[in-house]
Amino acid sequence: MSQDFTIYNTLSRKKEIFKPITPGYVGMYVCGPTVYGEAHLGHARPAITFDLLFRYLRHLGYKVRYVRNITDVGHLVDDADEGEDKIEKKARLEQLEPMEIVQQYTVGYHKNMEQLNTLPPSIEPRATGHIMEQIDAVKRIVEQGYGYEAEGSVYFDVEKYAKDHDYGKLSGRKLEDMLENTRELEGQSEKKSSADFALWKKADHTHLMRWEAPWSDGVPGWHMECTAMSTKYLGETFDIHGGGADLKFPHHEAEIAQSVGAYGKESVNYWMHNNLITINGQKMGKSLGNFITLNELFSGKHELLEQAYSPMTVRFFILQAHYRSTLDFSNEALQAAQKGFDRLMKAIELLPGLKASDNSTIDVDKLIADTWSAMQDDLNTPVALAHLFDGVKWINAIHDGHQKATQADLTKLSDFINQFVFDVLGLTNETEKEQSSGDDKLNEVITLLLNLRNEAKAAKDYATADKIRDQLKEIGVVVKDKKDGFEWEIVE
RNA sequence: GGUCGGUUGGCCGAGUGGCUAGGCAGCGGUCUGCAAAACCGCGUACGGCGGUUCGAAUCCGCCACCGACCUCCA
């Protein structure tokens, strides 16, 4: 490919040419879910965004190690000493073991991700499986002088770190501003500074989940797991770290500080953040209680939903916006995505049956080049899809005889579209014709009816012809007349 | 209050200093017995006010509004 693959690096706030540390190999880490609730539409965005990146990097020929964690130790509910673990809270509510909660929602998450046709990550580490690594990283930070113990807990010394390094570089913050604007917390904390964050948190016997560590029995700090696990599986420096934009601060900022604090260097070359999905212009989030779970979306069972939306409609909807833009949810937008996706799939179904001509009136090479070019530009899927819809128009026009293409062009177009749509964009055709694959007897019956209808049409008995068509439609069989026969499909 | 981002036609959403995506909806036409689908054509949008420029929606400034982060959050 003549053009370089560029990605927007949050750290530099500009697009950079992607160059992996080791030629041919890419290490990428993406923050996964905290499994204390059902996956919602917000979870679909990073999952699909980084699945796309994963697929695209592989398409470019890289061998990719994609690590996405499962957070199964709840982060503390708040910053106060009496903070409660989210997973434990849920466990008490439902009278379950914490690990039962974790298991339930992890399974649910995997199911949803599979429905959205995201590829499983290469490694999916769990925080509880890496307590030793986290303790080890905390020890290193303390040894380097960037962590201190207080009352059995260990905190990151942000003010000291900020003297030696740029704390806030990722999120564009200045420590002074943060200190000025941090609100007063009730109850004096044992922290030296309000900006300090926990690396290890002491937990008393009322906590269901806690581990033994040099400082106390407790739980790892909120940001430690990603640092520990990314280092373990990708090394002290790796290529790409992704996640939702809401994680920039404090989570990712803390990760940078922890890496530098523990290993003396920044671990990540390219920080990538997907933007948020909004609902009525507001962020969709668990804490705001305005989220729609993926199961609700797929079933249509939610007061905000006018209908069910299939996983591929959701995937297509997300791909129609650039990953760095906010995307506003609405029934109208989802329905538009559904129809657009349907149009794309219908055209792809026509591809194998297109008749070749001895010359082409379309420029397949340009279409292909333009589409890949859009992908090279920071994964610009909306532009890529726009080009793809030019292809859709061509396919329909060739089908109708308004445009022509040689066999070579048709093959090229077909190969390209199949590769791009299914392998790279990760879409699947959900409406794979029941027409041919389904019930043979049903096919025969419908064909019989439509043949009778054609006889009625030939006899100009339009009342009968329309009756057959209308009643089939009521049953859910949509009939389309063609010049030399008919087509039909089962809807719903 | 601090930091960052956004404001594009009926809706969703790209993009660019001049050649003015795409999807959905709408309108007109072709095709059809009528439809449906498809195809062709149409609508000339970029928050407001200034400035830079031959030319800005695109660059700069100010203002307004919206949002995100500053506490866990994809």
Side-chain angles (χ1 to χ4, degrees), chain A residues 10 13 30-34 36-37 39-50 71 74-80 83 86 168 171-174 176-178 180-183 185 195 222 242-251 253 273-278 281-288 291 316-317 320-322 324-341 343-344 346-347 350 374 377 380-390 392-393 395-397 399-403 457 460-462 465-466 469-470 473 478-483 487 489:
Chain A
T10 309
R13 297 181 201 340
V30 175
C31 293
T34 303
Y36 68 105
H40 59 79
L41 186 50
H43 290 106
R45 190 105 196 249
I48 288 170
T49 297
F50 294 105
T71 298
H75 293 155
L76 296 175
V77 168
D78 61 46
D79 202 20
K86 282 191 289 201
S171 54
R173 285 157 211 269
K174 291 194 178 74
E176 309 88 77
D177 296 339
M178 287 188 256
E180 272 173 35
N181 292 301
T182 304
R183 55 186 140 144
L185 288 168
W222 322 321
D246 49 347
L247 296 178
K248 274 187 223 171
F249 190 89
H251 187 58
E253 201 72 72
H273 292 94
N274 62 275
N275 218 318
L276 306 178
I277 289 182
T278 58
Q282 250 209 335
K283 173 182 170 174
M284 178 180 291
K286 273 178 206 155
S287 53
L288 297 170
F291 63 94
F316 187 78
F317 172 65
Q320 266 196 315
H322 186 87
R324 279 189 290 116
S325 301
T326 56
L327 173 60
D328 201 48
F329 162 87
S330 69
N331 281 285
E332 211 179 351
L334 260 304
Q335 283 158 15
Q338 183 180 47
K339 287 183 185 168
F341 177 64
R343 186 168 137 86
L344 176 62
K346 286 222 169 78
L350 289 178
D377 182 17
N380 198 331
T381 49
V383 167
L385 284 170
H387 292 304
L388 207 56
F389 273 99
D390 286 339
V392 167
K393 200 168 272 191
I395 290 167
N396 286 326
H399 183 67
D400 284 4
H402 300 131
Q403 298 275 10
K457 277 169 68 182
K460 297 209 188 301
D461 179 6
Y462 296 124
D466 289 352
R469 184 176 63 195
D470 293 346
K473 191 180 177 185
V478 174
V479 178
K480 296 177 204 170
D481 288 348
K482 306 298 287 185
K483 276 206 176 62
E487 284 179 1
E489 65 175 330

Item to check | Steps toward side chain to side chain contact (heavy atoms under 4.5 Å, CB included) verdict (A/Asn275, A/Ser325) | outcome: CA-CA 5 Å; A/Asn275 218 318; A/Ser325 301; 5.5 Å; no
Next on the checklist: Does anything in residues 328-339 of chain A form a salt bridge (charged side-chain N to carboxylate O under 4.0 Å, His left out)? List the pairs, not counting sequence neighbours.
Outcome noted: none
Between [options], which nucleotide has the shortest distance from any of its atoms to the side chain of [X]?
| X | options | answer |
| --- | --- | --- |
| A/His322 | B/rA21, B/rA14, B/rC39 | B/rA14 |
| A/Phe389 | B/rC11, B/rA74, B/rG23 | B/rG23 |
| A/Phe317 | B/rA74, B/rG22, B/rC12 | B/rC12 |
| A/Trp222 | B/rC72, B/rG22, B/rA68 | B/rC72 |

[N] base / [X] side chain donor-acceptor hit below 3.5 Å:
| X | N | value |
| --- | --- | --- |
| A/Asn275 | B/rG5 | no |
| A/Lys283 | B/rC73 | yes |
| A/Arg469 | B/rA35 | yes |
| A/Asp481 | B/rC34 | yes |
| A/Arg173 | B/rC69 | yes |

Please work out if [X] contacts a base, only the sugar-phosphate, or nothing of the nucleic acid, heavy-atom cut-off 4.0 Å.
| X | answer |
| --- | --- |
| A/His40 | base |
| A/Asn380 | sugar-phosphate |
| A/Ala321 | sugar-phosphate |
| A/Leu247 | sugar-phosphate |
| A/Leu388 | nothing |
| A/Ser325 | sugar-phosphate |
| A/Lys393 | sugar-phosphate |
| A/Gly42 | base |
| A/Lys339 | sugar-phosphate |
| A/Tyr462 | base |

In whole Å, I'd like the distance from the [atom1] atom of [X] to the [atom2] atom of [N].
| X | N | atom1 | atom2 | value |
| --- | --- | --- | --- | --- |
| A/His251 | B/rC72 | NE2 | P | 11 Å |
| A/Met284 | B/rG67 | CE | C1' | 14 Å |
| A/Asp328 | B/rG5 | CG | P | 21 Å |
| A/Arg13 | B/rC69 | CZ | C1' | 12 Å |
| A/Lys86 | B/rU71 | NZ | C1' | 10 Å |
| A/Gln338 | B/rC12 | CD | C1' | 14 Å |
| A/Arg45 | B/rG13 | CZ | P | 9 Å |
| A/Lys457 | B/rC31 | NZ | C1' | 13 Å |

Take atom [atom1] in [N] and the same atom in [M], then report the distance between them in whole Å.
| N | M | atom1 | result |
| --- | --- | --- | --- |
| B/rU44 | B/rG50 | P | 24 Å |
| B/rG22 | B/rC40 | P | 11 Å |
| B/rG26 | B/rU16 | C1' | 28 Å |
| B/rC59 | B/rC46 | P | 16 Å |
| B/rU7 | B/rA14 | C1' | 15 Å |
| B/rG9 | B/rG15 | C1' | 15 Å |
| B/rU3 | B/rG17 | P | 28 Å |
| B/rG43 | B/rG6 | C1' | 27 Å |

Indicate whether OP1 or OP2 belonging to [N] is found under 4.0 Å from a side-chain N or O atom of [X].
| X | N | answer |
| --- | --- | --- |
| A/Asn396 | B/rC39 | yes |
| A/Arg343 | B/rC39 | yes |
| A/Thr326 | B/rG5 | no |

Base-pairing assignment for [N] (Watson-Crick or G-U wobble, both under 3.5 Å):
| N | result |
| --- | --- |
| B/rG1 | B/rC70 |
| B/rG18 | B/rC54 |
| B/rA64 | B/rU7 |
| B/rC39 | B/rG29 |

Item to check | Value rounded to 0.5 Å, distance of CD1 in A/Ile277 from CG in A/Leu41 | outcome: 4.0 Å
Checklist entry - From A/Ser171 OG over to A/Glu253 CD, what is the distance, rounded to the nearest 0.5 angstrom? => result 3.5 Å
Checklist entry - Are A/Glu489 and A/Lys346 close enough for a salt bridge, meaning some N to O gap below 4.0 Å? => result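 A/Lys346 and A/Glu489: salt-bridged.
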Item to check | Sidechain N-carboxylate O distance under 4.0 Å for A/Asp390, A/Lys393 | outcome: no
Item to check | Residue closer to the 5' end of RNA chain B, A/Ser330 versus A/Val479 (nearest nucleotide) | outcome: A/Ser330
Item to check | A/Lys460 or A/Gly340, whichever maps to the more 5' nucleotide of RNA chain B | outcome: A/Gly340
Next on the checklist: Cation-pi check for A/Phe389 against A/Arg343: NZ or CZ below 6.0 Å from the six-membered ring centre and within 45 degrees of the axis, yes or no?
Outcome noted: no
Checklist entry - Would A/His251 and A/Trp222 satisfy side chain to side chain contact (heavy atoms under 4.5 Å, CB included), going step by step from the backbone distance to the final call? => result CA-CA 8 Å; A/His251 187 58; A/Trp222 322 321; 5.9 Å; no
Next on the checklist: Please check: side-chain N/O of A/His43 versus main-chain N/O of A/His40, any donor-acceptor pairing under 3.5 Å?
Outcome noted: yes
